[in-house]
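Each remark here refers to the structure printed beneath this line.
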Amino acid sequence: MNMNKISVIGAGIMGRGIAYVASLSGFQVTLHDISEAAAGRARQYIEKEMKKSVEKGFIKTREMEEAMINIEYTTDLVKAGENADLVIEAILEIIDLKIDLFKQLDEICPPHTIFATNTSTMSPTEIGAQTSRPAKFIAMHFFNPVHKMKLIEIIRGLDTSEETVQTVQEVGRRMGKETVEVNDFPGFVTSRMNSLIGNEAINMLMEGVASAEDIDKAVKLGLNHPMGPLEMVDLVGLDTRLRNMEHLYKTLGEKYRPSPLIVKYVKAGRLGRKNGIGFYKYE
Ligand SMILES: NC(=O)c1ccc[n+]([C@@H]2O[C@H](COP(=O)([O-])OP(=O)(O)OC[C@H]3O[C@@H](n4cnc5c(N)ncnc54)[C@H](O)[C@@H]3O)[C@@H](O)[C@H]2O)c1
C-alpha cells in the first residue's frame with residue numbers, strides 16, 4: 001500500500017512526538033487537536049526540538065526545513081481525515097472519547113485509510129468493532145519521548161488483517177523504530193508492567209518507606225533502570241497514568257488498584273512535567 005499521508009489526532013505529549021518523527025521520516029503529516037492552543041504548543045515544541053537536533057548534529061538543516069514543511073496543524077477533523085492513508089490517534093485515554101472520534105473518522109476517511117490507536121491499555125478489538133473497518137484497525141503504542149524511544153508495540157485486534165499489521169510494521173521501520181507484536185490484552189506488555197512498578201513506588205512513598213529521590217535512586221542504581229519510577233510517572237503525566245491504572249484495575253483486578261496517593265495528587269492538579277509539578281518540581 002502506498003503510504004504517504006499520516007494524520008495524528010491529539011497534539012499532546014504523544015501526538016506532537018509522533019508528528020515530529022513521522023515528518024522527519026518523509027511522511028506528509030497533519031496534526032489535529034480540538035484545542036487551538038494545544039496545536040500551537042505542539043508546533044512550538046516540534047520546531048524547538050528540531051532546532052536542537054540540528055544544533056546537536058543529529059539532523060541537517062535541510063532535513064529540518066523539509067520536515068517543518070511536511071507538517072500541517074489544524075483543528076478541522078475533516079481536513080485531517082479526508083486524504084489520510086493512516087490515522088494515528090493520541091487523544092485522552094478515555095474509551096468513549098476514542099470510540100466517538102473513530103466513528104467520526106470512519107465517515108470522513110476514504111475506505112483504504114488504516115486506523116491506529118496509541119492507547120496505552122485499551123482494546124483495539126473493542127474500538128475497531130465500532131467502526132466499519134475492523135480489519136484496518138490496530139494499536140500502535142509509541143513511547144515518550146517518541147523521537148528517543150526505539151519501540152512501537154503493535155497490537156493486533158481480533159479482526160485486524162495481516163496486511164494492516166505488515167503496513168504499520170513498515171511505517172515503523174520507515175520511522176527507524178523496532179516493533180513487537182502483542183496480542184490484545186489490557187495494558188499489552190509495557191503498560192501493564194510499568195503501571196505496576198510505578199504504583200509500587202507511589203505506595204512506598206505514601207507509606208514513608210523512603211523519599212521520592214531515594215526510591216528513584218535505589219531503582220536506578222540498584223536495579224539498573226535508566227529512569228526512576230517516580231520520574232517516569234512525572235514524564236508520562238499523573239492523569240494519564242491514573243487513567244491507565246483505572247482501566248487495568250477494572251479489567252485485570254485488585255493487583256492494579258491505583259495508589260490513593262496518585263489519586264490525591266491528580267485531584268490537587270499535580271500532573272507531572274507537563275504542568276511543572278508532580279512527584280518533583282520543574283522549572
Ligand atoms: N504520556 C505517555 O507517556 C504515553 C505513552 C504512550 C501512550 N500514551 C497514550 O497516548 C494517548 C495520549 O496521551 P498524552 O500523554 O499525549 O495525552 P495529553 O493529555 O498530553 O494530550 C492529549 C491531547 O488530546 C487532545 N484531545 C482530547 N480530545 C480530543 C479529540 N476528541 N480530538 C482531538 N484532540 C483531542 C487534547 O486537547 C490534548 O492536547 C493516551 O491514550 C495515552 O494513554 C501516553
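Start at 1 and go down the list; that is how both ligands and their atoms are numbered.
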What pairs with Glu82 under salt bridge (Lys or Arg N to Asp or Glu O under 4.0 Å), at least two apart in sequence or on another chain?
none
Just by distance, do the side chain of Glu153 and the backbone of Phe188 share a donor-acceptor pair under 3.5 Å?
no
Checking Asp184 against Ser123: is there a side-chain donor and acceptor pair closer than 3.5 Å?
yes
Identify the heavy atoms of Thr119 and Ala139 that sit nearest to each other, and give their distance.
CG2-CB, 4.4 Å
Between the side chain of Lys136 and the main-chain N/O of Pro111, is any donor-acceptor distance below 3.5 Å?
no
Could you check whether any side-chain N or O of Arg16 sits under 3.5 Å from a backbone N or O of Ile46, counting only pairs where one atom can act as donor and the other as acceptor?
no
As a test of reading the model: which residues have a non-hydrogen atom less than 4.0 Å away from ligand 1?
Ile9, Gly10, Gly12, Ile13, Met14, His32, Asp33, Ile34, Ala38, Ala90, Ile91, Leu92, Glu93, Lys98, Asn118, Thr119, Ser120, His141, Phe142, Asn144, Val236, Thr240, Asn244, Lys274
